[in-house]
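Single-structure report; data block below.
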Amino acid sequence: MQIVEANGAHIPSIGLGTMTLKENIAVELVSAALRGGYRHLDTAQMYGNEREVGEGLRASGIKRDEVFVTTKVWHDRLRAGDFERSVDESLKRLGLSQVDLLLIHWPNPAVPLEETIGALCKVKRAGLTRHIGVANFVIAMIDEAVRLADEPLVTNQIEVHPFLDQAKVIAAARHHGLSITAYCPLARGKVPGNEVLQRIAQAHGKSAGQVALRWLVQQGLIAIPRTAKIERLKENLAVYDFVLGDAEMAEIGRLKRPDGRVVNPPHGPKWDT
């Protein structure tokens, strides 16, 4: 497992995304993933599965300190007092005294960023999380968040896959020492059917999904693919035994298109970097 270092955090470069995983399947997938070599779990209050993720962690038999656990605070709980209560609730559901990474899931234009960043830093100082970061922040917001924070931010979790150009946002985050965590790295099922990715995959004896994930980790990004299929867990993790050539990396990079985004904000204006 490759590790991405960012402002003091050491984050496994492939994690298990858990959005939409519910009830017993969530417990089973998390447990199987950890037994199969995963050491990074990504959940969120909004996913409604923090309890199951915690149960899966305990059922796996893997020591707590060997697993990097991320959760996120939803955009409707970013006021200072509510933020802190929501973190306590998340920890209770997870059955943990501390997470490894706590993120602002989405910015909320109705709440001053200074207030939310202050609350985020406060829960870190209280020992409720080892590291803090943001998600779905555009360039100006990254710059402002770093300016406001008196604790180091370690990642910006955003949508990244071959069909979406996020080069400017990635560069802005890296300018401040933040890593990038890529959600929807397989573009919600669009990757497997792409002819370019399939051709490159065939040349390496891999799947198109593995090529897309390799393209991300080879750039030093963190990817958190979600799957509801236990048999797919091993495939998504098997991206460290081959290397894409420069020409292949460039060809994949040219797949980006204006309509490549698969996720839009839950509120407010559309994306504008």
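- Inter-residue side-chain proximity for I104 and L78 is flagged as met; some heavy-atom pair is nearer than 4.5 Å.
- Side-chain contact between L91 and L128 is present, with at least one heavy-atom pair separated by less than 4.5 Å.
- A salt bridge does not link R93 with E55: none of the charged nitrogens is closer than 4.0 Å to a carboxylate oxygen.
- In this structure, H161 has its ring center at least 6.0 angstrom away from the ring center of Y183.
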Decide yes or no on side-chain hydrogen bond (donor to acceptor under 3.5 Å, both in side chains) for E52 and N24, but give the supporting numbers first. CA-CA 7 Å; E52 289 81 0; N24 288 341; over 6 Å; no
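- For the residue pair S207 and E235, a side-chain donor N or O sits within less than 3.5 Å of a side-chain acceptor on the partner.
- Around CG of D150, the count of heavy atoms belonging to other residues, nucleotides or ligands within 6.0 Å exceeds 12.
- A201 and A208 get closest at one heavy-atom pair: CB-N, 3.5 Å.
- Criterion: ILVMFWY side-chain heavy atoms under 4.5 Å apart, direct or through other members. Under it, F137 and V154 are not part of a common hydrophobic cluster.
- The hydrophobic clustering, which links ILVMFWY residues whose side-chain heavy atoms are closer than 4.5 Å, places F83 and L101 apart.
- Remark: the H131 side chain and the N7 side chain contain no N/O donor-acceptor pair separated by less than 3.5 Å.
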Take V169 and I139 through the side-chain contact (heavy atoms from CB on, under 4.5 Å) test and state the conclusion after the steps. CA-CA 6 Å; V169 179; I139 293 170; 4.2 Å; yes
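- The two atoms that bring A173 and S179 nearest to each other are CB-O, 4.5 Å, heavy atoms only.
- No more than 12 heavy atoms of other residues, nucleotides or ligands shown are found within 6.0 angstrom of CD on E114.
- Minimum heavy-atom separation, R214 to Q2: NH1-NE2, 4.0 Å.
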E251 vs V196, test: side-chain contact (heavy atoms from CB on, under 4.5 Å). Steps then yes/no. CA-CA 8 Å; E251 186 175 12; V196 170; 3.8 Å; yes
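- For R85 and D88, the salt-bridge test fails: no basic side-chain N is under 4.0 Å from an acidic carboxylate O.
- V217 and V4 fall into different hydrophobic clusters, where Ile, Leu, Val, Met, Phe, Trp and Tyr side chains are chained together by heavy-atom contacts under 4.5 Å.
- By the 4.0 Å N-to-carboxylate-O rule, D241 lies close enough to K206 to be salt-bridged with it.
- The distance from the NE2 atom of H204 to the CD1 atom of I200 is 7.0 Å, given to the nearest 0.5 Å.
- Within the 4.5 Å cutoff, side-chain heavy atoms of I11 are placed close to those of H40.
- Taking 4.5 Å as the limit, every side-chain heavy atom of I3 sits out of range of all side-chain heavy atoms of S13.
- Residues V262 and M46 fall within the same hydrophobic cluster, defined by Ile, Leu, Val, Met, Phe, Trp and Tyr side chains chained together at heavy-atom separations under 4.5 Å.
- Pairing each heavy atom of L197 with each of P162, the nearest pair is CD1-CG, 4.4 Å.
- The two atoms that bring L102 and V123 nearest to each other are CD2-CG2, 3.5 Å, heavy atoms only.
- In this structure, CG in L153 is found 6.5 Å from SG in C121, a value given to the nearest 0.5 Å.
- Across L216, I222, V160, a single residue satisfies side chain to side chain contact (heavy atoms under 4.5 Å, CB included) together with I180, and that is V160.
- Checking each of R125, K122, R77, K124 against E84 for a salt bridge (Lys or Arg N to Asp or Glu O under 4.0 Å) leaves exactly one that passes, namely K122.
- For E66, the CD atom is densely surrounded, since the number of other residues' heavy atoms within 6.0 Å is greater than 12.
- Considering only heavy atoms from C-beta on, I14 comes within 4.5 Å of M1 through its side chain.
- Judged purely by atom type and a 3.5 angstrom limit, Q202 has no side-chain atom pairing as donor or acceptor with the backbone of R199.
- Separation of atoms CG (N108) and CD (E115) is listed at 10.0 Å; rounding is to 0.5 Å.
- Among all heavy-atom pairs drawn from V191 and P185, the shortest one is CG2-O, 4.1 Å.
- Atom CD1 in I117 sits 10.5 Å away from atom CZ in R147 (nearest 0.5 Å).
- Neither side chain, R226 nor T18, offers a donor N or O lying under 3.5 Å from an acceptor on the other.
- A donor atom on one side chain and an acceptor atom on the other are not found under 3.5 Å apart for E159 and N136.
- No continuous path of hydrophobic side-chain contacts links F68 to V30 [ILVMFWY only; heavy atoms under 4.5 Å].
- The CG atom of L233 lies 9.5 Å from the CG atom of L34; values are rounded to the nearest 0.5 Å.
- Using cut-offs of 30° and 60° for the angle between ring planes, the W106 and W74 rings count as perpendicular.
- For E89, the CD atom counts as densely surrounded, since its 6.0 Å shell holds more than 12 non-hydrogen atoms of other residues, nucleotides or ligands.
- Under the 4.5 Å side-chain criterion, counting only non-hydrogen atoms from C-beta, H176 is in contact with I142.
- D100 places no side-chain N or O within 3.5 Å of a backbone atom of T70 that could act as its donor or acceptor partner.
- Using a 4.5 Å heavy-atom threshold, the side chains of Q210 and N236 count as separate.
- In this structure, R257 satisfies the cation-pi test against F163, with its NZ or CZ atom closer than 6.0 Å to the six-membered ring centre and inside 45 degrees of the ring normal.
- Comment: D65 does not engage K63 in a salt bridge, judged by the lack of any side-chain N to carboxylate O separation of less than 4.0 angstrom.
- In this structure, the side chain of K256 engages the main chain of G253 through a donor-acceptor pair within 3.5 Å.
- Between the side chain of Q198 and the backbone N or O of P192 there is at least one donor-acceptor pair closer than 3.5 Å.
- Side-chain polar atoms of Q45 and S86 form a donor-acceptor pair below 3.5 angstrom.
- To the nearest 0.5 Å, the span separating CG on L57 from CG on L94 amounts to 8.5 Å.
- The closest side-chain donor-acceptor pair between Y47 and K22, if any, does not fall under 3.5 angstrom.
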So V73 and L103, side-chain contact (heavy atoms from CB on, under 4.5 Å) or not? Walk me through it. CA-CA 6 Å; V73 179; L103 305 180; over 6 Å; no
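- Summarising the local packing, CD of E23 is surrounded by 12 or fewer heavy atoms from other residues, nucleotides or ligands at distances under 6.0 Å.
- Counting heavy atoms from C-beta on, the side chains of H105 and V134 never come closer than 4.5 Å.
- No side-chain donor from either of T43 and E50 sits under 3.5 Å from a side-chain acceptor of the other.
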